[in-house]
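Working notes, beginning with the structure itself.
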Protein chains: 2
Amino acid sequence: MESRTARRATIRDVAERAQVSISTVSHAFSGSRPISEATRERIFRAATELGYDPNPSARSLRTGRSGIIGLILRPRFALTGTPDRAETFNRLVGSVATEMLRRKVGLIHVPDLHDPSVASVPMDGCIVAHPYGADEVLTELLRRDVPVITIEEDPERPEFTWAVRLDYTAVVSRLLDHLREQGARDIALLTGTEENAWNRRTRETYLDWSRQHDRTARTDLLSEGLDVDDAEAMIRSVLDSPERPDAVVVATSDFAALAAKVAAQRGIRVPEDLMIAALTDSEHSRAATPPITAMDLNHEGLAEQAVELMLARLAGAETPAEPLVLSPNLRLRGSTRRR
Amino acid sequence: MESRTARRATIRDVAERAQVSISTVSHAFSGSRPISEATRERIFRAATELGYDPNPSARSLRTGRSGIIGLILRPRFALTGTPDRAETFNRLVGSVATEMLRRKVGLIHVPDLHDPSVASVPMDGCIVAHPYGADEVLTELLRRDVPVITIEEDPERPEFTWAVRLDYTAVVSRLLDHLREQGARDIALLTGTEENAWNRRTRETYLDWSRQHDRTARTDLLSEGLDVDDAEAMIRSVLDSPERPDAVVVATSDFAALAAKVAAQRGIRVPEDLMIAALTDSEHSRAATPPITAMDLNHEGLAEQAVELMLARLAGAETPAEPLVLSPNLRLRGSTRRR
DNA sequence: GTGAAAGCGCTAACAT
DNA sequence: ATGTTAGCGCTTTCAC
């Protein structure tokens with residue numbers, strides 16, 4: 001049974017009960033000016049008896065700050081996608097939430113910036129994860145003067161330096177070098193279709209590397225949004241082609257695992273006939289037979305640094321000269337180890 | 001370069017620019033009364049030009065609603081713990097976040113209800129996941145008249161029916177029956193120490209089942225907060241004891257995997273000499289050798305139903321007669337399959 | 001050490 | 001179809 005009549009106690013009720021003015025109550029709670037021991041005591045007792053706690057909206061309206069930081073995850077397949085996408089989403093969201101909780105600041109998932117039917121949300125700043133090129137949500141936030149930090153850079157906004165990003169060039173080059181050392185002659189890239197930094201930078205690195213090593217680059221599109229059957233059909237067409245590559249780098253780890261499965265069905269031995277690597281790591285790559293070499297995107301590190309950068313920004317730090325750079329972790333596994 | 005002087009546009013600015021009253025602007029945005037086409041047109045143009053968007057705190061203050069739902073995860077090891085705990089945390093947080101995003105309501109992680117230095121947070125209701133017995137955070141929320149939904153029940157608050165819970169009795173009994181059918185004579189339970197429904201109900205079921213089957217119950221405490229070394233020492237003491245059980249049910253899946261490792265070191269064959277099962281599922285149980293039978297807690301289902309129940313509650317639904325019951329999923333694997 | 005009062009930006013009741 | 005206005009609960013300036 002709930003008390004349906006009870007109105008929530010306000011600062012006014014507390015003041016009345018403690019026989020002081022509301023400003024005294026306010027100051028007692030914020031500690032922003034000296035209060036006599038007797039008065040403070042009366043105030044806190046009254047507050048406890050009434051079950052008072054300050055209304056956060058009133059406070060924010062007055063102070064212009066909410067103490068809350070927003071989070072927007074851009075990849076559109078994060079929500080609708082396969083288990084691999086869910087795992088990535090969970091890990092990213094979980095990392096940011098963990099970090100926020102550690103630092104005791106409120107974190108809010110922003111439901112939909114563009115839908116006018118959705119109430120907007122009181123946030124002091126907003127973290128945008130994996131923006132697209134010239135990302136429209138980012139544009140909107142910037143227009144509204146919301147302090148933004150991005151996790152991964154907007155590939156078409158190099159001048160925006162409030163960002164934490166991954167250095168793909170070094171790690172993807174290392175991966176390709178590794179494949180070459182293991183004897184790969186013909187490396188194909190099955191790249192994703194999302195136009196974010198992850199796809200753009202890894203693809204660019206692959207193309208550069210191929211040029212530098214005088215190899216024919218071969219990229220095919222394998223959309224993150226494909227269902228398993230369509231993805232399998234696409235992979236099949238690559239593995240069945242007359243010029244089958246002897247190594248494939250697949251963007252998402254679950255499709256890399258799918259490639260391993262298709263290879264097994266066809267009697268193509270991994271890694272002897274075909275090496276497989278993924279540009280994201282998940283249970284799928286770890287649990288595949290053989291386990292698949294993968295690039296771990298270090299979501300935990302990105303989350304931690306992004307939150308720290310946001311707090312610094314809100315505390316008035318200067319605009320950085322460059323985004324903060326972290327490194328993905330390359331996990332070499334059986335799928336690319338011939339010797 | 002940012003404009004540091006620019007004050008955010010308010011409804012007043014828009015009204016002035018569009019040559020209408022502020023109430024007309026308000027109604028134009030909320031659609032709560034008819035506006036002539038010409039006027040609405042002027043208003044939206046002005047709003048766009050000024051980069052106006054309504055201040056959510058002002059709106060909440062006025063309406064008494066924020067459109068935001070809070071989430072509090074109680075298990076204290078969720079944040080500080082091992083990878084298994086992180087995976088569970090991520091999955092739960094991710095599931096709730098996914099569900100909220102689908103329904104386009106804001107989700108806020110409540111940082112710290114008790115710390116007075118932390119600003120409280122504007123929420124219309126709050127989901128509390130895995131409360132302890134007589135949970136103090138739940139008590140506080142109830143005292144404040146915040147509409148609460150719990151994921152899993154507070155074991156000492158059976159009268160609180162705004163809850164979604166798992167039916168452990170049926171599934172744990174099924175697990176024990178399965179172990180018996182596979183030939184287990186002496187089943188030990190390594191239970192967790194968190195006093196939540198998961199530990200309480202599974203332990204009770206184990207004790208009841210043992211009584212019904214005329215078996216000596218044997219439970220040991222294996223705290224979720226232990227680090228790997230301490231957990232390993234504890235597991236060792238069980239496996240090295242003269243009356244070594246021939247089946248162990250371990251609460252957390254990573255410690256179950258640890259048990260498999262310790263058994264392997266000692267030459268104890270799994271499942272022939274020792275069967276192992278876990279009361280939560282994760283990559284650890286799936287990837288162990290052999291893969292470990294585990295109970296999957298169906299976080300996705302819990303999250304979905306909890307969010308739905310919260311929205312119903314906020315929309316004025318009646319107090320349910322009983323909590324909503326879901327079933328965990330039993331995943332039988334090699335660690336308990338002798339034939 | 002304490003109080004009075006203005007006002008943050010918005011919604012909605014009551015006007016016309 | 002549009003305007004006027006009270007007031008949501010708080011912080012903070014100014015006064016004493």
Side-chain angles (χ1 to χ4, degrees), chain A residues 6-44 46-47 50-68 116-117 119-124 144-145, chain B residues 6-44 46-47 50-68 116-117 119-124 144-145:
Chain A
R7 193 183 46 96
R8 286 286 289 283
T10 74
I11 199 172
R12 206 160 234 108
D13 303 321
V14 177
E16 206 164 304
R17 179 154 195 145
Q19 308 269 45
V20 292
S21 73
I22 60 167
S23 73
T24 303
V25 175
S26 173
H27 285 115
F29 270 86
S30 63
S32 51
R33 82 183 181 192
I35 309 275
S36 80
E37 196 40 59
T39 311
R40 124 178 295 109
E41 149 80 13
R42 282 210 319 287
I43 290 174
F44 284 133
L50 293 170
Y52 169 75
D53 71 323
N55 180 316
S57 298
R59 178 187 303 220
S60 307
L61 176 57
R62 188 55 238 241
T63 62
R65 292 200 146 226
S66 65
I68 297 170
S117 74
S120 71
V121 122
M123 54 185 177
D124 295 342
R144 292 195 197 168
D145 272 332
Chain B
R7 194 183 46 94
R8 288 287 288 281
T10 75
I11 198 172
R12 207 160 233 107
D13 302 321
V14 177
E16 205 165 304
R17 179 153 195 147
Q19 308 270 45
V20 293
S21 72
I22 60 168
S23 75
T24 303
V25 176
S26 172
H27 286 114
F29 271 84
S30 64
S32 52
R33 79 183 185 192
I35 308 276
S36 79
E37 196 40 59
T39 312
R40 121 177 299 108
E41 147 81 15
R42 281 210 318 288
I43 290 174
F44 285 132
L50 293 170
Y52 169 75
D53 70 321
N55 179 317
S57 298
R59 175 184 302 205
S60 306
L61 177 58
R62 185 58 236 237
T63 61
R65 293 201 145 226
S66 65
I68 297 171
S117 73
S120 71
V121 121
M123 53 186 178
D124 294 343
R144 291 194 198 169
D145 273 332

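Within every chain, numbering begins at 1; the chains are lettered A, B, ... in the order of the sequence lines, protein sequences first and strands thereafter.
- Within the 4.0 angstrom heavy-atom criterion, only backbone atoms of the sugar-phosphate kind lie near B:Y52; the bases stay farther away.
- Of the residues near DNA chain D, A:L61 and B:V20, the one whose nearest nucleotide (by heavy atom distance) lies more toward the 5' end is B:V20.
- Distances shown here put a side-chain N or O of B:S21 below 4.0 Å from the OP1 or OP2 atom of D:dG3.
- Rounding to whole angstrom units, CG of residue B:D13 and P of C:dG9 are separated by 8 Å.
- Taking atom CG on A:N55 and atom P on C:dC8, their separation rounds to 18 Å, with Å as the unit.
- Residue-to-nucleotide contacts include no donor-acceptor pair under 3.5 Å from the side chain of B:R7 to the base of C:dG9.
- Among the protein residues, A:I22 comes within range of the nucleic acid bases, having at least one heavy atom under 4.0 Å from a base atom.
- Within the nucleic acid shown, B:T63 comes within 4.0 Å of sugar-phosphate atoms alone, with no base atom in reach, counting heavy atoms only.
- For A:I35 and D:dT11, the CD1 to P distance is 13 Å, given to the nearest whole Å.
- Distance, B:R59 CZ to C:dA12 P: 9 Å, rounded to whole Å.
- In this structure the side chain of A:P56 never reaches within 4.5 angstrom of the side chain of B:V121, judged on heavy atoms.
- The residue A:T39 sits close only to the backbone: its heavy atoms come under 4.0 Å of sugar-phosphate atoms, none of a base.
- Atom CZ of A:R12 and atom P of D:dT11 are 13 Å apart (whole Å).
- Closest approach of A:V14 to A:A46, counting heavy atoms only: O-CB, 4.0 Å.
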Worked verdict on B:E16 versus B:I22 for side-chain contact (heavy atoms from CB on, under 4.5 Å): CA-CA 8 Å; B:E16 205 165 304; B:I22 60 168; over 6 Å; no
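- Between the base of C:dG3 and the side chain of A:R33 there is a donor-acceptor pair shorter than 3.5 Å.
- Rounding to whole angstrom units, NE2 of residue A:H27 and P of D:dT11 are separated by 9 Å.
- Counting to the nearest Å, the C1' atom of C:dT2 and the CZ atom of A:R42 are 11 Å from each other.
- At a cut-off of 3.5 angstrom, the base of C:dG3 holds at least one donor-acceptor pair with the side chain of A:S23.
- As a whole-Å value, the separation of B:I11 CD1 from D:dT2 C1' is 14 Å.
- Contact annotation for B:S36: backbone-only contact, meaning every heavy-atom pair under 4.0 Å involves sugar-phosphate atoms and none involves a base.
- The residues B:R8 and A:D145 are annotated as not salt-bridged, no charged nitrogen and carboxylate oxygen being separated by less than 4.0 angstrom.
- Looking at A:R62, its side chain has no donor and acceptor atom pair within 3.5 Å of the base of D:dT12.
- The two residues A:P122 and B:S57 make their nearest non-hydrogen contact at CB-OG, 3.7 Å.
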